[in-house]
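Report on one structure; see the data block that follows.
Computed from a predicted structure; not experimentally measured. Chain A is the first sequence line, chain B the second, and so forth, proteins listed ahead of strands; every chain is numbered from 1.
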Amino acid sequence: MALPKQSEDFPGWYQEVVKQAELAETSLARGTMVIKPYGFAIWEAIQRAVDDRIKATGHQNLYFPLFIPYSLLEKEAEHVEGFAPEVAVVTHAGGEKLEEPLVVRPTSETIIWNTYAKWIQSYRDLPLLYNQWCNVVRWELRPRIFLRTTEFLWQEGHTAHETADEAIAEARMILEDVYADAVEKVLAVPVRRGRKTAAERFAGAVETMAIEGLMRDRKALQAGTSHYLGQNFAKAYGVQFQGRGGDLEFAYATSWGVSTRLVGGAIMTHGDDKGLRLPPALAPYQVVIVPIYKNDDEKGSVVAKARAIKDSLTGVRVRIDDRDEHRPGYKFNEWELKGVPLRIELGPRDIAADQVMIARRDTGEKQTLPTGEVPARVPRLLEDIQVSLFAQASAFRDEYSFDAKDYGELAALIADPGGFVTGGWCGNPECEAKVKADTKATIRYLPLDPEPPAGECIVCGTAAVERATWAQAY
RNA sequence: CGGGGAGUAGCUCAGCUUGGUUAGAGCGCGGCGUUUGGGACGCCGAGGCCGCAGGUUCGAAUCCUGUCUCCCCGACCA
């Protein structure tokens, strides 16, 4: 029942809060999870936020199949190499061995670009701006519920363009206007936007960009990725079009995705020792009303009043907890565990005084409020909480973002207290690998826009080509 | 695939060393009653192939052999 303290056992806290708040549980096959209604409602809010923005930026949804012939995967060399180890393959079906094994999609570039070859003939067919919501499977060796599961839910956008510039602009627009915007505004999770190094790049991409959040255990979480794929997939799958000048050209590609991992990101960004703290925009219930009564007569009048208050809150997601089997104190703790932003306590004393007791989950503050002011004040309080959670998370992230002067300081900061540590980097993968070997930290991001050369590489002391930011990551 | 640990009630575990009544506790679950402004209490009750398969023995949750599964730590990852 009791939650481990974050400061003493963060992984234990995470695992327990997911279980006790009834977000999800692990299922029979290793690495798989059952997402329960309360957790799925959070995912649906994320989906809505992301889907609205995908549509608003001119994309359409469609659906590609779960199964992909194995031979198709093999056509893009880097891509196979990257994904082959974690791919699940169907070899038998219908009681027989299949002539050609089928891959369960780990991502859909291969089947999609194979199909785009049929859809793209002319520059007039471009751009193709498509997205799908689906499940994918990657055979993970170390699963962590929501953060790294064998099967997970996500969206994957796949666009085809006439020029490289257009594709690069698309990938960046998705990162900033769709992902960063949705994650910061709805999940209230502040993120750093950046480019990935070659070592961290998506298999088959020319450039990978990502948003990175900092969790309360000071480890980074990659919260979304957007890739510029160049002509790699067009060449592998023969996607050519006749250009404006009449020449045959290969199309330029992007792909981008966010997944159920974001649920874990929201939990680990805002949660405290009492449980979840959900930003109102994400919360399945924004307000819970706990009626307090001593007998059936009181219950009747208190619940009736609770319903009237609920009805007065149009556009607000309100839940009345009139369960008889638990007393109010139990319900307070349970809804705090589940992260409901606002709690209204309503008893005979309040009704007599024509007021309610209202408690904020983010700060723990409790105050009385005249009943008449509830419809006006509650939406404002919800906005406050949304802003406050983002501000708290931003302040935390900034408090644990450092500039390191030298390698010793970099290693020391990563070890304690942890967080984002920035320093010059020469661009050499060997220096990157050394940091990882010494500290377990990886380069989480490089600046989106090239910055002027910044002194020396913090690892080897030669001239730096850019500023890199390291952290231990999920 | 290496190193470590664990399989007994829905959950967390005790019992095993030294075999021997009807296999236990807490929580949870069901019924009844009293309660209800920060995790209530009493009484009654349901619930077990002791991971699985062999073996030793008059007798196995307990000893032996095999096997399967899960968890934690290292190499890959949204």
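Looking at A:Glu170 and A:Leu129, their side chains come closer than 4.5 Å, going by heavy atoms from C-beta outward. Using a 4.5 Å heavy-atom cutoff, the side chains of A:Arg192 and A:Ile211 are not in contact. Annotation: side chain of A:Leu369 is not in contact with side chain of A:Gln355 (no heavy-atom distance under 4.5 Å).
Taking atom P in both B:A46 and B:G51, one finds a spacing of 24 Å when rounded to whole Å. The gap from the C1' atom of B:G48 to that of B:A25 amounts to 15 Å, rounded to the nearest Å. Separation of the P atoms belonging to B:G24 and B:C50 is 14 Å when rounded to the nearest angstrom. Atom C1' of B:C49 sits at a distance of 12 Å from the matching atom of B:A61, rounded to the whole Å. Taking atom C1' on both B:A40 and B:G20, the two are 43 Å apart, rounded to the nearest angstrom.
The salt bridge (charged side-chain N to carboxylate O under 4.0 Å, His left out) pairs that include a residue from residues 133-158 of chain A number zero, where partners must be two or more places apart or lie in different chains. For residues 258-272 of chain A, the pairs satisfying salt bridge (charged side-chain N to carboxylate O under 4.0 Å, His left out) are A:Asp272-A:Arg361, with sequence neighbours left out. Identified under the ring pair (Phe, Tyr, Trp, His ring centres under 6.0 Å) test for residues 277-297 of chain A, with sequence neighbours left out: A:Tyr285-A:Trp335. Listed by first then second residue, pairs satisfying salt bridge (charged side-chain N to carboxylate O under 4.0 Å, His left out) with a partner in residues 339-359 of chain A read A:Glu336-A:Arg343, A:Arg343-A:Glu345, A:Glu345-A:Lys366, not counting sequence neighbours. The salt bridge (charged side-chain N to carboxylate O under 4.0 Å, His left out) pairs that include a residue from residues 174-189 of chain A are A:Arg53-A:Asp181, A:Arg172-A:Glu176, A:Asp181-A:Lys185, A:Glu184-A:Arg193, where partners are two or more places apart or lie in different chains.
In this entry the distance linking CZ of A:Arg343 with C1' of B:G37 reads 10 Å, nearest Å. If you take CD of A:Gln367 and C1' of B:G37, they are 17 Å apart, rounded to a whole angstrom. Taking atom CD on A:Gln20 and atom C1' on B:G28, their separation rounds to 13 Å, with Å as the unit. To the nearest angstrom, P of B:A40 lies 12 Å from CD of A:Glu334. Taking atom CD of residue A:Glu325 and atom P of nucleotide B:C41, one finds them 16 Å apart after rounding to whole Å. When the P atom of B:G3 is taken as reference, atom CG of A:Leu141 falls 17 Å away, rounded to whole Å. Going from atom CE of A:Met209 over to atom C1' of B:A78 covers 16 Å, rounded to whole Å. Here B:C41 presents its P atom at 13 Å from OH of A:Tyr330, a figure rounded to the nearest Å.
Cation-pi contact between A:Arg218 and A:Tyr400: present, with separation from the ring centre below 6.0 Å and deviation from the ring axis of at most 45°. With a 6.0 Å cutoff to the six-membered ring centre and a 45° limit on the axis angle, A:Lys338 counts as a cation-pi contact of A:Tyr38.
When heavy atoms are screened at a 4.0 angstrom cut-off, A:Gly257 is found touching no nucleic acid atom at all. Counting any heavy atom pair closer than 4.0 Å across all strands shown, A:Glu140 reaches a base atom. As judged by a 4.0 angstrom heavy-atom cut-off over every strand, A:Thr149 is placed among the base-contacting residues.
By the 5.5 Å and 30° criteria, A:Phe152 is stacked with the base of B:A78.
Taken together, the paired segments of RNA chain B that extend over three or more consecutive Watson-Crick or G-U pairs, each closer than 3.5 Å at both contacts, are B:1-7 with B:68-74, B:10-13 with B:24-27, B:29-34 with B:40-45, B:51-55 with B:63-67.
Listed by residue number, there are no residues of residues 265-284 of chain A with a heavy-atom contact under 4.0 Å to RNA chain B. Of the residues in residues 288-306 of chain A, those lying under 4.0 Å from RNA chain B by heavy-atom distance are A:Ile292, A:Tyr293, A:Lys294.
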Listing, residues 67-77 of chain A side-chain donor-acceptor contacts under 3.5 Å, not counting sequence neighbours, or none:
{"from": "A:Ser71", "atom 1": "OG", "to": "A:Glu100", "atom 2": "OE2", "distance (Å)": "2.6"}
{"from": "A:Glu76", "atom 1": "OE1", "to": "A:Glu78", "atom 2": "N", "distance (Å)": "3.3"}
{"from": "A:Glu76", "atom 1": "OE1", "to": "A:His79", "atom 2": "N", "distance (Å)": "2.8"}

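Shown here are the side chain to side chain contact (heavy atoms under 4.5 Å, CB included) partners of A:Ser388, two or more places apart in sequence or in another chain: A:Arg360, A:Asp362, A:Gln392. Partners of A:Ala266 by side chain to side chain contact (heavy atoms under 4.5 Å, CB included), not counting sequence neighbours, listed by chain and number: A:Leu187, A:Leu282.
In this structure, a donor-acceptor pair under 3.5 Å is absent between the side chains of A:Glu109 and A:His227. Judged by distance alone, the side chains of A:Trp113 and A:Thr115 never bring a donor and an acceptor atom under 3.5 Å apart.
The base of B:C77 sits with one of its N or O atoms less than 3.5 Å from a complementary donor or acceptor on the side chain of A:Arg148. Looking at A:Glu336, its side chain comes within 3.5 Å of the base of B:G38 through a donor and an acceptor atom. With hydrogens and angles ignored, no donor-acceptor pair closer than 3.5 Å exists between the side chain of A:Lys331 and the base of B:G37.
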Please produce a list of atom pairs where a protein N or O lies less than 3.5 Å from an N or O of nucleotides 72-74 of chain B.
{"from": "B:C73", "atom 1": "OP2", "to": "A:Arg142", "atom 2": "NH1", "distance (Å)": "2.7"}
{"from": "B:C73", "atom 1": "OP2", "to": "A:Arg142", "atom 2": "NH2", "distance (Å)": "3.3"}
{"from": "B:G74", "atom 1": "OP2", "to": "A:Arg142", "atom 2": "NH2", "distance (Å)": "2.7"}

